[in-house]
Amino acid sequence: MKTGRFWRKLERALYLGRAFRLVWDSNRRGTLLIISLLCLQGLLPLVSLLLLRQLIDIITLNVKSETIAWSPIALWILGLGGVAVLMSGCETLNEYCQSTQGEQVRDRAFELLHSQSLILDLAYYEDPRYFDSLHLAQAQAAYRPFGILLNLTQLGVATTSTVALGGLLLILHPAIAGVVLMSVIPGTLVRLKYARRLHAWQRATTQAERQAGYFNWVLSHKNYAKEIRLFELGTFFRERFNTIRADLRHSKQRLALSQAQQQLIAQTSGAIAIYGSYGFITYQTVTGALTLGGLVMYFQALSRLQTALKGILKSLTSLYSDNLFLSHLYEFLDLKPQLTAPVNPRTVPSLDTAVVAFENVSFHYPGCDRNVLTDVSFTLKPGTHTALVGLNGSGKTTLTKLLCRLYDPSAGRITVDGIDLRAFSATDWRRGLSAIFQDYVRYELNVQDNIWLGDLLRPPDPVAIRQTAQHLDADSYIQKLPQTYNTLLGKEFGQGTELSIGQWQKLALARNYWRQAQLFILDEPSSALDPQAEDAIFGQISTLLKDKTTLIISHRLSTVRKADKILVLDGCSIVEQGNHNTLMNEKGLYAQLFETQAQKYY
């Protein structure tokens, strides 16, 4: 048990070290400048106190004498003023440096967070714990690294001041510095305990926080606006949100109240110790052991030392708290991709000539033992059009995810000219693919960018982009938009223009075609189009992708009857395959589905 606690403490210390590295790497010169300024800020209060003592003692002597020597008084006042100006200048410059570097640290933290999000596999999205980890990491990345920079700065200033002022009080009496130190320890222990309890509370309430965030999203986002109003769901979701938030608020209030009560007791005991020290200094002055200037200097030193010690312990407590919460960020950053990358990846064969084969492929999603695909085998020959049909839940979309190597099979393998797909770099393999999924993305950018995103390696040539849109029958409506291809889409930002679902889908098809891939995957590419537009789109796709290897998924069997081969999925397995005429003659599942749909048109 003790060994386990030791390793946890060591791990947390390493987290803090990584955070220091994050601050240092964001701006090394800025970090050095901040350190220099804080050292100066820590020493200047001592200089100010020494000058103040001299000033008061000179004034006292002048009051007792018959003549007043104004020159030395003015000199000490001028010195105090100079120190005050220097202190103000250091503080202002330090605030500027902190603000500037704080933004750099924050941006660096988000850069790490985004990079990690992009390399993790889709398998993580099947695990609720991943979303808890991501939520905590995102919540802390915005301000914790900057908090570390701020606390380090305050710790440096307070430590320098403590050493200087503590040395001054030791000259008066060694016990004074000890009393001051003891006066702030109880409050620090209370803060450390609260930091641990707050960390545990946040871990325990992460899922509730995410649920509240989800209900807030439902109540405020346009995707839900129509149903929320039509079915009068606003009150329901608002009550769910309010209930969760009330529970979270009350539990945190109880935590804060407990901390406030303990802090009050700790501060009261500290105040008693400090005012006992004031009494000792007063006694020393009355008995003649100290001058009036010494009284003022030590009073000020005692007060400032207490403040400095509080600053040190507060900064250390905050760093401890930051370190606890930074564990969320680094736990997320330490997640490893589950798709294994080959040490020496093979060169991907040209898909213009290569045969892609599924060989007894089975698959189940992480955390679930039920197979979504079982013992699936088929081939995609170069230049052929293959259709994939079947009832909902038969595994069609999952099959395309495996083909894109967003997941690896649980059993069996996918090969390209006999080479296992896992022997290639996932990035190299995907470069030869283009896919449009059912849940295609609507990017709230301008029209040109929406198409160009299909292949950022190609220059965004306006002429080529327009030709792509023309091929997919999108140019006709784009020309009617306010700024044609420069029109901002969506209503999230500025004066954007919203498209119909069918227009968005045509734009997604254009983005898919812009990629100039060798293997095209079209998952319900015409689901939002009317029959006439669908027939036109499939005619264009057949022409555009005539010599390309294509896998098409569609519920509308009339659109896939011209495919070279049709695969029929049922019960997670391929139960039939062949062309339209062959499958109709077999009078199996495909024939039943086709005839059922055909009856709607009689």
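Shown here for P345 and F424, the closest heavy-atom pair between the two residues is CB-C, 4.3 Å. Residues P382 and A354 share a closest heavy-atom pair of CD-O, 3.4 Å. Closest heavy-atom contact between C572 and L569: C-CD2, 4.2 Å. Residues F520 and A517 share a closest heavy-atom pair of CE1-O, 3.2 Å. Across L507 and I451, no two heavy atoms sit closer than the pair CD1-CG1, 3.8 Å. What you find for I501 and Y440 is that their closest heavy atoms are O-OH, 3.3 Å.
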Verdict with reasoning, K562 to V560, per side chain to side chain contact (heavy atoms under 4.5 Å, CB included): CA-CA 5 Å; K562 295 181 181 179; V560 301; over 6 Å; no

Residues V389, I566; criterion side chain to side chain contact (heavy atoms under 4.5 Å, CB included); working and verdict: CA-CA 7 Å; V389 301; I566 300 171; 3.9 Å; yes

S362/D375 under side chain to side chain donor-acceptor pair (under 3.5 Å): CA gap, chis, key distance, verdict: CA-CA 5 Å; S362 297; D375 201 27; 5.4 Å; no

CA sep, side-chain torsions, deciding dist, call: Y443, D449, side chain to side chain contact (heavy atoms under 4.5 Å, CB included): CA-CA 9 Å; Y443 296 102; D449 284 346; over 6 Å; no

Test side chain to side chain contact (heavy atoms under 4.5 Å, CB included) applied to L421 and T415, step by step: CA-CA 5 Å; L421 201 60; T415 64; over 6 Å; no

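Proximity of a side-chain donor or acceptor of R346 to a complementary backbone N or O of A423 within less than 3.5 Å is not detected. Panel note: side chain S350, backbone D352; a donor-acceptor pair is recorded below 3.5 Å. A side-chain donor-acceptor contact under 3.5 Å links R515 to the backbone of L433. The main-chain N or O of K548 is found under 3.5 Å from a side-chain atom of T550 such that the two form a donor-acceptor pair. Put simply, the side chain of T384 never gets that close to the backbone of L380: no donor and acceptor are under 3.5 Å apart. Between the side chain of S410 and the backbone N or O of H364, at least one donor-acceptor pair lies under 3.5 Å. Side-chain atoms of Q116 come within 3.5 Å of backbone atoms of L333 as a donor-acceptor pair (strictly under, hydrogens ignored). T374 places no side-chain N or O within donor-acceptor distance of the main-chain N or O of S573, the cut-off being under 3.5 Å. At least one donor-acceptor pair under 3.5 Å links the side chain of R430 to the backbone N or O of C404. A distance-only check finds a donor-acceptor pair linking the side chain of K396 to the backbone of G390 [under 3.5 Å].
Applying the side-chain hydrogen bond (donor to acceptor under 3.5 Å, both in side chains) rule to R442 yields no partners; only residues at least two apart in sequence or on another chain are considered.
In this structure, I465 CD1 and R458 CZ are separated by 8.0 Å, a value rounded to the nearest 0.5 Å. In this structure, L593 CG and E576 CD are separated by 8.5 Å, a value rounded to the nearest 0.5 Å. The CG atom of L583 sits 9.0 Å away from the CD atom of Q577 when rounded to the nearest 0.5 Å. Remark: L509 CG to L472 CG distance equals 5.0 Å, nearest 0.5 Å. With rounding to the nearest 0.5 Å, the separation of CD in Q483 from CD1 in I478 is 13.5 Å. Taken to the nearest 0.5 Å, the CH2 atom of W504 stands 10.5 Å off from the OG atom of S500.
Between L499 and Y477 the shortest side-chain heavy-atom distance falls below 4.5 Å. The shortest distance between side-chain heavy atoms of V416 and L351 falls below 4.5 Å. P342 has its side chain out of reach of R422: every pair of non-hydrogen atoms, C-beta onward, lies at least 4.5 Å apart. You'll find the side chain of F378 reaches within 4.5 Å of the side chain of L399, heavy atoms only. Residues Q592 and K587 form no side-chain contact, since every pair of their non-hydrogen atoms from C-beta on lies 4.5 Å or further apart. Within the 4.5 Å cutoff, side-chain heavy atoms of N512 are placed close to those of L522. A 4.5 Å side-chain heavy-atom check between L402 and L373 finds at least one atom pair inside the cut-off. Proximity of I521 to L403: side-chain heavy atoms (C-beta onward) are separated by under 4.5 Å at one or more points.
Atom CG of N585 sits in a crowded spot, with more than 12 heavy atoms from other residues, nucleotides or ligands closer than 6.0 Å.
Remark: of the listed residues D461, D475, T484, D475 is the sole one forming a side-chain hydrogen bond (donor to acceptor under 3.5 Å, both in side chains) with R466.
Checking D523 against T397 by side-chain atom types alone, a donor-acceptor pair falls below 3.5 Å. Side-chain polar atoms of Q518 and T549 form no donor-acceptor pair below 3.5 angstrom. No donor-acceptor contact under 3.5 angstrom links the side chains of T487 and N446, judged on distance only.
Both tests do not hold together for R511 against W452: distance to the six-membered ring centre under 6.0 Å, angle to the ring axis within 45°.
Among residue pairs with one or both ends in residues 564-584, those qualifying as ring-ring contact (aromatic ring centres under 6.0 Å, His included) are H580-Y590, H580-F594; sequence neighbours excluded.
Between D455 and R431, at least one side-chain N (NZ, or NE/NH1/NH2) sits under 4.0 Å from a carboxylate O, which counts as a salt bridge. K491 has no carboxylate O lying under 4.0 Å from a charged side-chain N of E498, or vice versa, which leaves the two without a salt bridge.
Between Y365 and Y407, the angle of the ring planes goes over 60°, which puts this pair in the perpendicular group of the 30/60° scheme.
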